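Notes follow once the structure below has been shown.
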Amino acid sequence: MRESLVLLIASAAALRTPLPPLGYVPAALSASAPPRTQSLLLRSAARATALTAAAAAEIKPQLPPPEDVPSARAVTVLLLCCAIGAVCALDRVLISIAILPMAEQFAYSDSTKGAIAAGFSLGYCLGLLPAGVLASSGSPRQVLLGGLVVWSAATCATPLAAASSVPALLATRAVMGVGEAAAVPTLQAGILQAVAARFVQPERRSLFWGCLTASLSCGTIAAYVLAPPLIAEQGWPFVFEAFGAAGLSIAVLWAVLGADAPRELDSRIGDAGAGGGDSAGGGDGGMGEVPWRALASSRPVWAMTAAHCSSNFFMYFGLSWLPTYFSYQFGLSTADASTAALYPFAAGAVGSLAAGAACDALVSSLHFRRTDARKVMQSVALGGPALAMLALCLLSAGAGGLQLERDEAEAIFVVAVGCQAGSAAGYGCGAQDISTRLSSLIYGGTSVFAVIAGASGQYFTGWLLEQNGRDFTPMFALLVAVELAGLVAWNRWWDSERVFE
């Protein structure tokens, strides 16, 4: 009888059938079983009930931890960051469109145009390192808010400064650059790094950064789409005032809804005892001691610097001079020149997303080392523009009796900017590969050199155009050399292994 009862209990546990209440003894046995047997039955039933409960607990579906499911507020922060990135790019590009009617009104020379473009870059350069340090050691949310207010106010003030004098315009552009310097370090290596670390799997982070880079390209596209008709109907001062006001409106939203990290969002919803959560760089996560000598001698850091410089040299040329190129080369109006410059940056938006997905696929599906995947993407980002600029050199010089047409020039720039967007999965993610704690400082530091390179190219382009009768061919040749130099340095020095904390 004992063996039969034990088998019955075991079968019930295996089949997950409900057992009788603890202490229940079947009536057929209670009258005939001796006390010792009844005691054994009670102990066996109790043990079987406990085992059944434990087994039931083991087969319950395991829900993902809360950190794996972003809250609605966290998604709001992601969307706001992308919106701020788009406005950042839009405000930066406005001058390259408005400079055509501004030059007619104020009789700007090409050198003056180059100086105006470089004035923004100078302020951007001066603000990058302090912004990176503040984003790492303080609150990225506050740094981004301050920068957004400063550059939006400077954008609104641009028409008044231009009407005053060239030095006043240069100063306003520099202040705008200081404000925008707060955007990239805080977005890429501050707030969104905290979000990515908590919500985004490592094998999907290249796509995540590609989305942010695509938002920058969308801002550039919006400038080329919206500014020309507004300039035609309302005049060029209106676009600065309108888009500057839009930036200030987004600043209000960011002040209310922005946060340093998802945990802070959760604490705002109702975690009163959380004490504000962990920020991306504040509290215990401060920057602490910085290994300056190790940073200065790190080959991956110098690889990032070289690739960043080469990439900026090309991109700053495109952002500042592409509408002017189409106007000079093909005699286009402001609206038509802006339309011609639009398609390359649309390709850049698509290229950023494609680069992120491609890099993730190289690592997860084709089992590339992350180092090799980064090298492939950055090689495309530098080699593509080099080949495109070489083609423009040859066509502009009439090699082989060929003549450069507008459609061909547009197509070549589409390829160049689309390939250059691969940097989002190259040096753009490099700082997060080699360090977490110092990533915003590393990105800000390499950006200082990169902005100097880009600003030098902006001014040098204007000077060169004045010297050679507005011929862009020598500039295209210089771009080829700069892109190839960055390509060699990147592939020689880059390694994605973690070097710093």
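Count residues from 1 along the sequence. Everything quoted here is computed from the prediction, not taken from an experiment. FYI, side chains are in, hydrogens and waters are out, and symmetry mates aren't considered; it's all heavy atoms of this structure.
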Go through the steps for Arg406 and Leu332 under the test side-chain contact (heavy atoms from CB on, under 4.5 Å), then give the verdict.
CA-CA 10 Å; Arg406 170 187 168 178; Leu332 302 182; 3.8 Å; yes
Backbone N/O of Ala154 and side chain of Thr158: donor-acceptor pair under 3.5 Å
yes
Spell out, as yes or no, whether a donor-acceptor pair under 3.5 Å connects the side chain of Ser96 to the backbone of Leu319.
yes
Please check if the number of heavy atoms outside Phe330 that lie under 6.0 Å from its CZ is greater than 12.
yes
Answer whether the closest heavy-atom distance between the side chains of Thr112 and Val166 falls below 4.5 Å.
yes
Check the pair Trp463, Thr461 against side chain to side chain donor-acceptor pair (under 3.5 Å), reporting the backbone distance first and the verdict last.
CA-CA 5 Å; Trp463 176 86; Thr461 301; over 6 Å; no
Could you report the tightest heavy-atom contact between Met304 and Ile442, atom names first, then the distance?
SD-CG2, 4.1 Å
On the 0 to 90° scale, with breaks at 30° and 60°, tag the Phe449-Trp302 ring pair as parallel, tilted or perpendicular.
tilted
Flag the pair Pro159 / Trp236 as yes when at least one side-chain heavy-atom distance between them is below 4.5 Å, and no otherwise.
yes
Minimum heavy-atom separation for Leu487 and Gly383, please, with both atom names.
CD2-CA, 4.5 Å
In Å and rounded to the nearest 0.5 Å, what is the CG to CZ distance from Asp336 to Phe326?
11.5 Å
Would you indicate whether the side-chain heavy atoms of Leu169 and Tyr108 approach each other to under 4.5 Å?
yes
Before you tell me yes or no, could you show the steps for Thr371 and Glu497 under side chain to side chain donor-acceptor pair (under 3.5 Å), namely the whole-Å CA-CA distance, both residues' side-chain angles and the distance that decides it to 0.1 Å?
CA-CA 7 Å; Thr371 296; Glu497 294 300 318; 4.9 Å; no
Examine distances only and state if a side-chain atom of Ser435 and a backbone atom of Ala431 form a donor-acceptor pair shorter than 3.5 Å.
no
Considering all heavy atoms of both residues, which atom of Trp254 and which atom of Leu145 are nearest to each other, and what is their separation?
CD1-CB, 3.8 Å
From CA spacing to verdict: side-chain contact (heavy atoms from CB on, under 4.5 Å), Leu382, Leu484
CA-CA 7 Å; Leu382 295 172; Leu484 291 179; over 6 Å; no
Restricting to non-hydrogen atoms, name the atom on Ile97 and the atom on Pro228 that form the minimum distance, rounded to 0.1 Å.
CG2-CG, 4.4 Å
Are Leu465 and Asp471 close enough, and set up right, to give a side-chain contact (heavy atoms from CB on, under 4.5 Å), and what steps lead you there?
CA-CA 6 Å; Leu465 292 175; Asp471 181 8; 5.9 Å; no
Does the side-chain contact (heavy atoms from CB on, under 4.5 Å) test come out yes or no for Met389 and Phe413, once each step is laid out?
CA-CA 8 Å; Met389 296 302 100; Phe413 274 109; 3.8 Å; yes
Val376 side chain reached by Asp372 side chain, heavy atoms, under 4.5 Å:
no
Tyr124 vs Phe120 aromatic rings, parallel, tilted or perpendicular, using cut-offs 30° and 60°?
parallel
Between Phe476 and Tyr325, is the ring centre distance below 6.0 Å?
yes
Please determine which of Arg369, Arg374, Lys375 meets the salt bridge (Lys or Arg N to Asp or Glu O under 4.0 Å) test together with Asp433.
Arg374
To the nearest 0.5 Å, atom CE of Met475 lies from atom CG of Asn468 at 11.0 Å
Give a yes or no on whether Arg492 atom CZ has more than 12 heavy-atom contacts from other residues, nucleotides or ligands under 6.0 Å away.
no
Taken to the nearest 0.5 Å, the spacing of Cys88 SG from Leu148 CG works out to 9.0 Å
Value for SG (Cys359) from CE (Met377), rounded to nearest 0.5 Å, stands at 6.0 Å
Flag if over 12 foreign heavy atoms under 6.0 Å of OH, Tyr343:
no
Rounded to the nearest 0.5 Å, what separation is found between the CG atom of Leu322 and the OG atom of Ser338?
9.5 Å
Should Ser310 and Glu483 be marked as a side chain to side chain donor-acceptor pair (under 3.5 Å) after you check the CA-CA gap, both sets of side-chain angles, and the distance that decides it?
CA-CA 5 Å; Ser310 296; Glu483 298 304 292; 5.0 Å; no
Side chain proximity check, Phe314 to Val482, heavy atoms < 4.5 angstrom:
no
What one should report as the nearest heavy-atom pair of Phe240 and Met102 is CE1-SD, 4.3 Å
pair Ile434-Ser496: side-chain heavy atoms closer than 4.5 Å
no
So does Gly426 get a backbone contact from the side chain of Ser423, meaning a donor-acceptor N/O pair under 3.5 Å?
no
Euclidean distance, Trp321 CH2 relative to Phe472 CZ, rounded to 0.5 Å
6.5 Å
Just by distance, do the side chain of Thr446 and the backbone of Thr305 share a donor-acceptor pair under 3.5 Å?
no
Side-chain heavy atoms of Tyr328 within contact of Asp110, under 4.5 Å:
yes
Do you know which two heavy atoms are closest between Ala391 and Ile412, and how far apart they sit?
CB-CD1, 4.2 Å
From CA spacing to verdict: side chain to side chain donor-acceptor pair (under 3.5 Å), Asn491, Ser379
CA-CA 8 Å; Asn491 283 283; Ser379 295; 3.1 Å; yes
Measuring only between side-chain heavy atoms, which start at C-beta, is Tyr224 closer than 4.5 Å to Thr339?
no
